[in-house]
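The structure appears below as structure tokens.
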Amino acid sequence: MAGRYPETGLQGGHRGFYERRLCENRGAARPGVPELRNERIRGRVLVRAGVTAERLLEPVSRVFGVASLSPAVEVEADLDQIAAAGRVELRQALSLQFAGREAVRFRVKVNRADKGFPKRSNQIERELAEAVMPEFPALQVNLGSPELSLEVDLRQEGPWVFARRIPGPGGLPVGVMGRVVCLLSGGIDSPVAAWLAMKRGMRVDFVSFYSFPHVGPQLREKLIRQVENLNRWQPTAKLTIVPFTPIQEAIRDSCPPSYRTVLYRRAMQRIASKIAFRSNAKALITGESVGQVASQTLENMTVIEAASALPVLRPLVTMDKLETIALARRIGSYETSNLPAPDCCTVFQPDHPVIYGILEEALAAEQGLDLAAMTAEAVRGSERLRFPE
Ligand code: ATP
Ligand code: MG
């Protein structure tokens, strides 16, 4: 099977790097397929496996950076053999993708990377079309806008013949854009935000704030499950679970109640930035969306992100809750998010949280706190988990 990735983003010296990442990530998709081997070929990644291509489709759909994939057969560099393989592939493509159609726009496309092959590409294309078309009366040659192409890659290592192109998940290979840290709660939004960050090539580590004993051990289990689920799209991750109760108590005891939620969030961003620095992560990811809850007005988001030392990316910023839920279902995070387990922000929640926070007021409210010591203590007391263990 050949996996294709979009050419446009892959110019110059980045290309080899992208390809290597793609191959590593593909291995990490843990498809449960033994003897999976990857080879990089310019513009493509060849996956050889002792199983049918169909069994690879699902695992490969979790490898970001793959634009499309094609089950391909390897043949000898001989036109009769190529034509025979082509008929098999066409039969399958027609029955799977064009069943019942009387006319299908068609062409043969030969990519003669191996210039040692004696004939020119367009001559081979013509000869192959003549050899395969009589068996399939629906095929009508249309070089300009074919719906179905029988493609032949003539390369030293091949040649390969294929007729199907199945869309891949798109995006960029996880890791090519560096590391980020996602603030992962037990809710619906942050796992989806993490997934979208992965889709754009970011390798995601996780930080969760845990108000033990106000919230029980179910939350810890839930977070672990969620990271395992999300890691189906990336090879490894770290989860740092930060003890949050002392900070919440300090804020409760010495700050105006209306600012509690905003100050909790500021503390989270401060601590997450510290943790991010240690693994050279370049941004924080949150599941915030404008206007979704009281703490997510533009004013409060501004006051909260002022505590971060890194850019705060919010992949869901303009999404409606229903759109997020639909995506959460698709990536399998919704079920886990829905497991009952209270989250830290319900602890000591005020009756009237501030909606249009003001940075100066937040800074004044924090005057009585030893922020540096609280942050250092929280980082020191954190539990660090690695996935896979
Ligand atoms: P989510 O469903 O992700 O919890 P939400 O809509 O419930 O989002 P909030 O609870 O206001 O929104 O949280 C906003 C963001 O702050 C979350 O998406 C998450 O990134 C971060 N966050 C909130 N609580 C925690 C927590 N206990 N640990 C880590 N991050 C958190
Ligand atoms: Mg939440």
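One is the number of the first residue; the rest follow in order along the sequence. Counting starts at 1 for both ligands and their atoms, following the listed order.
Applying the 4.0 Å criterion to heavy atoms of Ser208 picks out, from ligand 1, the atoms 28 (N), 29 (C). Close contacts of ligand 1 with Gly187, meaning ligand atoms under 4.0 Å from a residue heavy atom, involve 1 (P), 2 (O), 4 (O). Those atoms of ligand 1 with a heavy atom of Gln296 less than 4.0 angstrom away are 6 (O), 9 (P), 11 (O), 12 (O), 13 (O), 14 (C). Proximity to Thr286 (heavy-atom distance under 4.0 Å) selects the following atoms of ligand 1: 20 (O). The atoms of ligand 1 that sit less than 4.0 Å from any heavy atom of Val293 are 11 (O).
Side-chain contact check for Leu148 versus Arg105: every heavy-atom pair is 4.5 Å or farther apart. Residues Glu361 and Glu366 form no side-chain contact, since every pair of their non-hydrogen atoms from C-beta on lies 4.5 Å or further apart. Contact check for Asp153 versus Val161: no side-chain heavy atoms found under the 4.5 Å cut-off.
Side chain of Ser333 to main chain of Arg329: no donor-acceptor pair is present (N/O by atom type, distance under 3.5 Å, no hydrogens or angles). In this structure, Asn142 contributes its side chain and Phe106 its backbone to no donor-acceptor pair below 3.5 Å.
Checked by distance only, ligand 1 and Gln292 come closer than 3.5 Å through their nitrogen or oxygen atoms. An N or O contact shorter than 3.5 Å is missing between Met268 and ligand 1 by distance. For a threshold of 3.5 Å applied to N or O pairs, the pair formed by Gly287 and ligand 1 contains at least one separation below that value. Between Ile188 and ligand 1, at least one N/O pair is under 3.5 Å apart.
In the hydrophobic clustering of this structure, Val88 does not group with Val75; members are Ile, Leu, Val, Met, Phe, Trp, Tyr whose side-chain heavy atoms approach within less than 4.5 Å, directly or through other members.
A salt bridge is absent between Arg107 and Glu151; no separation between the charged side-chain nitrogens and carboxylate oxygens falls under 4.0 Å. A salt bridge does not link Glu228 with Arg225: every distance from a Lys NZ or Arg NE/NH1/NH2 to an Asp or Glu carboxylate oxygen is 4.0 Å or more.
With atom 11 (O) of ligand 1 as the reference point, the heavy atom nearest to it among Gln269, Arg314, Arg265, Lys321 is part of Arg265.
Contacts between Leu184 and ligand 1, counted as non-hydrogen atom pairs separated by less than 4.0 Å, involve the backbone only.
A heavy-atom separation below 4.0 Å is found between Val207 and ligand 1.
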